[in-house]
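To keep things clear, I will list the structure first and then write my remarks on it.
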Amino acid sequence: MATVIETPLSVIGQPQRRIDGPLKVSGGATYTSDVDLPGMLHAVPVCSTIASGRITSLEFAAAERMPGVRAILHRGNVGKFFRISGNSMDTGYVDEARPPFDDDVIRYYGQYVALVIAETFEAASAASAAVKVGYDVTPHDVSDELTLKDEPKVESERGDAAKAFDSAAVKIDETYVTPVETHNPIELHATVAQWDGEGYTFYETTQAISNHQGTLMQMLGLPKEKVRVISRYLGSGFGGKLWMWPHSLLAAAAARHTGQPVKLVLNRKMMFQNVGHRPVTQQRLRLSADAGGKLTSLRHDYANHCSLLDDYSESCGETTPMLYSTPNLRVTSGTVRRNVGSPTAMRGPGAVPGLYAVESAMNELAVKLDIDPVELRLMNEPRVDESTGLPFSSRNLVECLRTGADKFGWSKRTSAVGSMQRDGLTLGWGVGACAWPAIRFSADATVDLRADGTARVVCGTQDIGTGTYTILAQLVSAQTGLPLDAIEVGLGDSALPAGPISGGSAATASLIPAVSDAARAAVKIVLEKAASLEESAFKGAKPEELAFSEGRVHRKGEAALGGVPFAQILQAAKMHAASGNGSAKGGFDDPLKKKYSIYSYGAHFAEVTWQPEIAQLRVSRVVTVIDAGRILNPCAGRNQIEGAVVMGVGMALFEQTHYDSRNGAPLNNNLADYIIASNADTPALDVTFLDHPDTIFNELGARGIAEIGLAGIAAAITSAVHHATGVYVRNLPVMIEDLL
Ligand code: MOS
């Protein structure tokens with residue numbers, strides 16, 4: 001666009017407080033389960049208590065007689081749901097494709113078998129417990145031993161990895177296992193469905209309102225304009241809220257059936273059963289090197305469990321083919337069906353368990369070679385993406401490792417197990433590198449510059465809690481020079497121009513081009529008006545001779561302060577607003593990815609303390625350096641990485657969903673028994689961002705930041721545990737029993 005913006009992009013890269021912060025801390029932000037509509041009813045599902053079999057009877061008599069009960073839905077009266085077609089992110093994607101109550105077959109514990117609708121949540125809960133379900137039980141399988149039945153799929157291959165491995169001087173061959181992990185955002189999944197006789201409004205806990213709309217319209221058999229999805233605030237999701245789950249359809253059916261709005265909020269137990277989890281992964285790593293430490297082969301053969309009907313694959317090999325230089329490589333994958341609800345994306349899907357394995361194997365190879373693990377990585381740094389031959393858009397892994405080592409004090413490390421002590425504790429130091437693909441999705445946005453001197457930006461994306469509201473305001477501020485508090489942000493409504501998912505750490509990179517273009521288009525309108533107005537100070541000037549900064553129109557080369565506030569120009573032109581649209585393309589088939597290999601990178605350095613006398617293990621200190629291009633808001637950005645590192649402590653030491661072998665139920669299905677890292681477990685955190693803008697990816701040079709922070713950290717911690725204790729744990733989480 002010809003319009004020149006003279007505003008320095010000062011608001012970009014500055015730590016900005018969240019513009020929605022005051023609303024959230026004062027309780028003014030309305031989350032889905034806060035929505036309260038006149039005449040609203042409450043729905044509570046009845047969940048199966050077996051993991052495999054068939055429903056033989058449903059007895060409702062007692063439940064129906066209970067006070068406040070309005071209706072009970074089941075296979076016989078739920079109404080029609082349609083199958084989604086294509087199951088693609090372009091039109092609507094789900095991980096559990098079977099509509100609820102579709103048949104009488106039970107395939108996992110907790111599967112919905114009926115739905116009670118009542119005047120209060122308490123009445124619905126009590127009646128739900130009074131529904132009697134008869135089953136014909138068949139054997140289930142929830143075991144975590146994964147043996148592939150079919151030939152694995154080859155995901156990436158170069159050279160002859162088997163041959164190189166067989167003849168190598170130094171090699172390791174180990175299998176790493178990660179358990180089922182369950183998303184536990186504090187905000188439970190919820191749907192409030194309102195049916196007006198022709199169409200729906202859904203209040204949803206979703207990381208993807210556009211996709212949610214696309215899925216619901218297909219499965220309910222309605223045109224797009226009859227399905228509106230609203231998600232103003234989210235209490236996080238970690239990927240569990242990316243795709244629609246069957247409870248949304250049940251809420252829709254309940255609203256249709258009763259003609260009244262219906263709220264359905266999952267309980268914590270259902271969070272473990274019905275809305276996805278990270279699957280068990282089993283990953284065999286075979287690495288070989290010459291005596292000097294140069295990798296001669298890398299093999300990564302992994303499997304994950306999936307449900308009986310859906311094909312979720314945890315892409316553990318996501319970054320394996322490009323992370324290190326090696327002439328011979330082979331990555332394969334496979335899935336094994338279990339009686340579990342469908343797995344789904346969980347923070348850093350693929351790369352997080354994948355890099356736990358790859359980086360652990362690198363650390364074990366370093367031990368075998370007696371080479372410093374940082375040096376081993378530096379030695380195997382590739383010059384191009386060897387999986388594709390493409391150049392990197394920007395890759396600074398070496399600087400991440402060097403900077404991190406420096407900040408951590410890595411040069412003081414002595415490599416012998418148990419050789420480092422402090423204050424009577426044994427220290428362990430470990431390292432892990434990380435990478436995450438930079439992704440961008442298509443986005444549309446509108447920016448209005450309004451005659452009252454304020455601006456409004458709208459985009460049908462959502463803020464999962466990471467700071468998208470603030471980023472949208474920053475992007476408009478960067479183009480107009482308006483302060484953040486003069487910029488209203490609208491998102492979280494599918495009636496707005498379609499926006500990206502809050503997933504894949506891709507939202508910001510998707511929004512940059514669309515919002516920046518929309519703001520420039522609005523500015524251009526103002527400049528054209530300024531030049532054409534009879535009364536204007538700029539009469540006779542060409543629009544391209546004018547500039548817009550600090551909210552003012554002025555001649556190029558002259559100070560903004562001497563210019564005219566844009567509001568005056570709009571008022572003189574009798575316009576309420578100058579409205580600009582912006583649109584950006586993206587997706588997994590992004591043509592830019594055919595020219596460049598585009599990833600973010602990082603390195604974690606972890607310190608553990610080990611006290612063998614009382615078997616106490618703690619992560620005491622983590623230094624993380626991230627190369628994610630330009631960081632638009634270091635405040636929110638640092639917060640993302642700190643949160644990810646804390647989650648990484650949980651992944652390494654605590655998180656694991658156990659299944660009861662007797663009935664196939666997720667056993668530790670609550671926040672008391674499913675252990676996540678708490679404040680007391682949080683180490684001293686030191687997060688550094690390298691500042692190397694990736695302008696090949698977008699004009700501001702920003703890639704994604706969030707998920708990468710969880711990749712590689714578990715390997716750094718388990719390597720530190722080995723350094724302290726001599727025990728290499730390859731089956732997460734590290735249990736104290738492993739170390740005794
Ligand atoms: Mo993230 S698992 O893409 O929400």
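As the structure lists them, so they are numbered: ligands from 1, and atoms in each ligand from 1. Any value given below was found using the heavy atoms of this structure, including those in side chains, with hydrogens, waters and symmetry copies removed.
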Donor-acceptor under 3.5 Å (S393 side chain, I598 main chain): no
Verify the distance criterion only: is there a donor paired with an acceptor across the side chains of T182 and T657 at less than 3.5 Å? yes
Does the separation of the ring centres of Y302 and Y176 fall below 6.0 angstrom? no
N/O of R347 under 3.5 Å from N/O of ligand 1, yes or no? no
Per-residue contact class, P349 against ligand 1 - non-hydrogen pairs under 4.0 Å: side chain
Less than 3.5 Å apart, any donor N or O on the side chain of T191 or E204 sitting next to an acceptor on the other? yes
Shortest protein heavy-atom distance from atom 4 (O) of ligand 1, along with the residue and atom involved: Q207 NE2, 2.8 Å
Taking 4.0 Å as the limit for heavy-atom contacts, which would you say applies to I464 with ligand 1: side chain only, backbone only, both, or neither? neither
Quick test: of every protein heavy atom, which one is nearest to atom 3 (O) of ligand 1, and how far off is it to 0.1 Å? G504 N, 2.6 Å
Write out the residue and atom name of the closest protein heavy atom to atom 1 (Mo) of ligand 1, then the distance separating them to 0.1 Å. E707 OE2, 2.8 Å
Return yes if some donor-acceptor pair links the side-chain N/O of R98 with the main-chain N/O of D310 below 3.5 Å, else return no. no
Heavy-atom contacts under 4.0 Å between M346 and ligand 1: side chain, backbone, both, or neither? backbone
Would you call the rings of Y233 and Y31 parallel, tilted or perpendicular, where under 30° means parallel and over 60° means perpendicular? tilted
